[in-house]
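Here is the structure we will look at.
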Amino acid sequence: MRSQDAKQAGPIGGRWLQLAIGVVCMAMVANLQYGWTLFVDPIGQKYGWGRAAIQVAFTIFVVTETWLVPVEGWFVDKFGPRIVVLIGGILCAVAWALNAMADTLLLLYVAAAVGGIGAGAVYGTCIGAALKWFPDRRGLAAGVTAAGFGAGSALTVIPIAAMIKASGYEATFLAFGLFQGGVVLLLSFLLTSPVPGQLPAVAARVVQTRREYTPVAMVKTPVFWVMYVMFVAVAAGGLMATAQLGPIAKDFKIMDVPVSILGLTLPALSFALSIDRVLNGLTRPFFGWVSDMIGRENTMFIAFALECVGILMLMKFGQEPVLFVILTGLVFFAWGEIYSLFPSTCADTFGTKYATTNAGLLYTAKGTAALVVPFANIAVAQFGNWDAVFLAAAFVNAVAAIMALTVLKPMRLRTLQQAVVLDPAAEQSTQLASQRRIGC
């Protein structure tokens with residue numbers, strides 16, 4: 001009886017502590033992606049490998065971080081979140097230790113793959129946990145968790161940059177890798193999954209499917225692939241900015257120019273990185289909450305259109321240091337929300353029983369998008385500036401914004417209505433709710 005009562009009560013601290021643990025774990029692995037841009041030029045200066053060759057490591061990291069998440073999600077569904085996150089923390093620490101000693105491109109690429117596997121294990125598990133623990137606030141919970149990954153590096157960008165200058169990038173890789181991996185390892189012991197009776201019976205404001213889609217069933221639906229294409233399109237532009245912000249600032253000749261905003265003065269690149277990380281984090285719970293209120297597709301349209309405008313303005317005005325800081329902040333604010341909108345849309349459409357694996361399959365779109373990052377350097381070398389890259393990124397965001405309303409929204413409504421066949425008694429009420437809530 002006591003065991004049953006304990007299950008009903010849930011873990012110590014309840015679901016909100018589970019959410020907080022996920023946020024901290026995400027923050028600890030964030031620098032593997034968002035801090036990378038600080039290391040590109042120091043590595044190039046030491047070994048002369050060239051930006052394009054070094055940035056292949058970034059692509060390998062993102063590909064392994066994303067494409068293996070469905071496999072890691074399967075392990076979570078079978079063995080629970082604890083062991084998967086524990087192993088992920090160890091791999092992240094090992095990856096940065098390897099980066100510290102990498103004296104060949106091959107070893108740098110191996111380190112990127114190890115780090116990607118570790119970060120993907122942490123990321124996929126924490127997002128899946130948020131989707132499962134918060135069916136009533138799915139967009140907000142996924143957004144808060146993803147914010148840990150988006151904004152987590154904001155606290156360490158300046159210390160990392162300072163340590164690179166003072167002690168070299170090798171010592172920085174080692175120190176931060178061991179610290180961050182150790183924190184994830186310790187927190188992993190507190191993670192758990194919900195069991196029946198631990199979740200509140202609260203109606204969501206957006207319609208959710210009555211059918212639990214297996215991963216195989218999900219990938220057979222056209223709506224999944226529409227979401228996948230949109231995810232790839234929007235993610236590509238943001239990943240380009242994430243990986244190339246340092247080189248862009250250097251080519252704009254503003255990297256070390258002092259910028260003063262609201263009484264704070266920092267070099268343009270350091271200022272931009274700090275603000276970008278904060279806004280990239282805040283946007284995830286913000287737009288996740290908005291999507292809980294007005295619908296996923298309507299929110300996508302607003303965010304993707306804003307991203308298109310921000311990229312075009314950065315292309316035109318980014319060589320002014322103050323505007324560079326402000327506009328990169330806008331770009332990251334309008335981009336980061338994909339990591340709350342797409343997972344929550346996925347769970348709304350395909351159910352929560354396989355949410356970790358299903359969201360992981362959709363998350364592989366980020367890995368697909370990462371394949372274009374090295375081509376940005378090739379385009380710059382070909383044309384002598386970043387204009388072609390900016391224009392391409394703005395264009396795909398505009399297309400994705402239009403697709404959200406004209407393609408995804410009606411297609412998802414049909415998918416949700418078809419799922420009601422499994423529960424005929426609720427068909428009429430669900431169809432009416434779909435029409436009112438899915439994006440209105």
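- Checked options D292, D348, T345, T352; the residue passing with R138 is D348 (criterion: side-chain hydrogen bond (donor to acceptor under 3.5 Å, both in side chains)).
- Here the two rings, on F39 and W96, have centers that are under 6.0 Å apart.
- Between V69 and G360, the shortest heavy-atom contact is CG1-CA, 3.2 Å.
- Between the side chain of Q180 and the main chain of A27, no donor-acceptor pair closer than 3.5 Å is present.
- Partner L327 forms a side-chain contact (heavy atoms from CB on, under 4.5 Å) with one of M315, M313, E320 and no other, that one being M313.
- In the displayed structure, F75 atom CZ is contacted under 6.0 Å by at most 12 heavy atoms of other residues, nucleotides or ligands.
- Using a 4.5 Å heavy-atom cutoff, the side chains of E307 and V331 are in contact.
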For this session: Run the numbers on K250 and L269 for side-chain contact (heavy atoms from CB on, under 4.5 Å), then give the verdict.
Result: CA-CA 9 Å; K250 185 175 182 179; L269 178 59; over 6 Å; no
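- A 4.5 Å side-chain heavy-atom check between Y363 and C346 finds every atom pair outside the cut-off.
- Between the side chain of T172 and the main chain of G168, a donor-acceptor pair closer than 3.5 Å is present.
- Annotation: side chain of L190 is not in contact with side chain of L17 (no heavy-atom distance under 4.5 Å).
- Summarising the geometry, atom CE belonging to M26 is positioned 4.5 Å from atom OH belonging to Y123; distances are rounded to the nearest 0.5 Å.
- No more than 12 heavy-atom neighbours from other residues, nucleotides or ligands sit within 6.0 angstrom of CH2 on W289.
- L282 CG to R284 CZ: the interatomic distance, rounded to the nearest 0.5 Å, is 10.5 Å.
- Between the CG atom of L330 and the CG atom of L323 there is a distance of 11.5 Å, given to the nearest 0.5 Å.
- F332 and W335 have perpendicular rings, their planes meeting at more than 60° on a 0 to 90° scale where under 30° would count as parallel.
- Considering L140, L19, L131 in turn, L19 is the only one that fulfils the side-chain contact (heavy atoms from CB on, under 4.5 Å) rule with T145.
- Screening residues 252-271 for salt bridge (Lys or Arg N to Asp or Glu O under 4.0 Å), with sequence neighbours left out, gives no hits.
- I294 places a side-chain heavy atom less than 4.5 Å from the side chain of I302.
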For this session: I would like to know whether T299 and M293 meet side-chain contact (heavy atoms from CB on, under 4.5 Å); could you show each step before the answer?
Result: CA-CA 9 Å; T299 308; M293 300 296 109; over 6 Å; no
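- Between the Q18 side chain and the T192 main chain, a donor and an acceptor come within less than 3.5 Å of each other.
- Closest approach of A121 and G88 over heavy atoms only: CB-CA, 4.1 Å.
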Exercise. Are W36 and Q55 close enough, and set up right, to give a side-chain contact (heavy atoms from CB on, under 4.5 Å), and what steps lead you there?
Worked result: CA-CA 9 Å; W36 174 255; Q55 291 293 27; 2.9 Å; yes
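- Nearest heavy-atom pair across Y169 and A102 is OH-O, 4.4 Å.
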For this session: Would you sort out whether V84 and F79 count as a side-chain contact (heavy atoms from CB on, under 4.5 Å), showing the intermediate values?
Result: CA-CA 8 Å; V84 177; F79 301 108; 5.7 Å; no
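- The closest side-chain donor-acceptor pair between T364 and Y228 falls under 3.5 angstrom.
- Contact annotation: the side chain of T221 approaches that of F350 to within less than 4.5 Å [non-hydrogen atoms, C-beta and beyond].
- Shown here for M255 and P267, the closest heavy-atom pair between the two residues is O-CB, 3.8 Å.
- When all heavy atoms of I21 and L187 are compared, the closest pair comes out as CG2-O, 3.9 Å.
- Evaluated for a ring pair (Phe, Tyr, Trp, His ring centres under 6.0 Å) with F287, the options Y339, F333, F301 yield exactly one hit, F333.
- In this structure, Y213 has its ring center at least 6.0 angstrom away from the ring center of F224.
- A distance of 10.0 Å separates CD1 in I164 from OG in S167, rounded to the nearest 0.5 Å.
- The distance from the CG atom of L185 to the CD1 atom of I90 is 5.0 Å, given to the nearest 0.5 Å.
- Residues F134 and W16 place their aromatic rings such that the two centres sit under 6.0 Å apart.
- Residues R82 and S188 have side chains that never bring a donor and an acceptor to within less than 3.5 angstrom of each other.
- Counting only distance, with no hydrogens or angles, the side chain of S344 and the backbone of G139 share no donor-acceptor pair below 3.5 Å.
- Using a 4.5 Å heavy-atom cutoff, the side chains of F342 and M300 are in contact.
- Within the 4.5 Å cutoff, the side chain of P247 has heavy atoms near those of the T37 side chain.
- For T64 (side chain) and F61 (main-chain N/O), a donor-acceptor pair under 3.5 Å exists by modelled atom type.
- The minimum heavy-atom distance linking C25 with C126 is given by the pair CB-SG, 4.1 Å.
- The OG atom of S270 lies 11.5 Å from the CD1 atom of I160; values are rounded to the nearest 0.5 Å.
- By the 4.5 Å heavy-atom criterion applied to side chains, K366 and E65 are counted as neighbours.
- Within a 6.0 Å radius of OH in Y47, more than 12 heavy atoms belonging to other residues, nucleotides or ligands are found.
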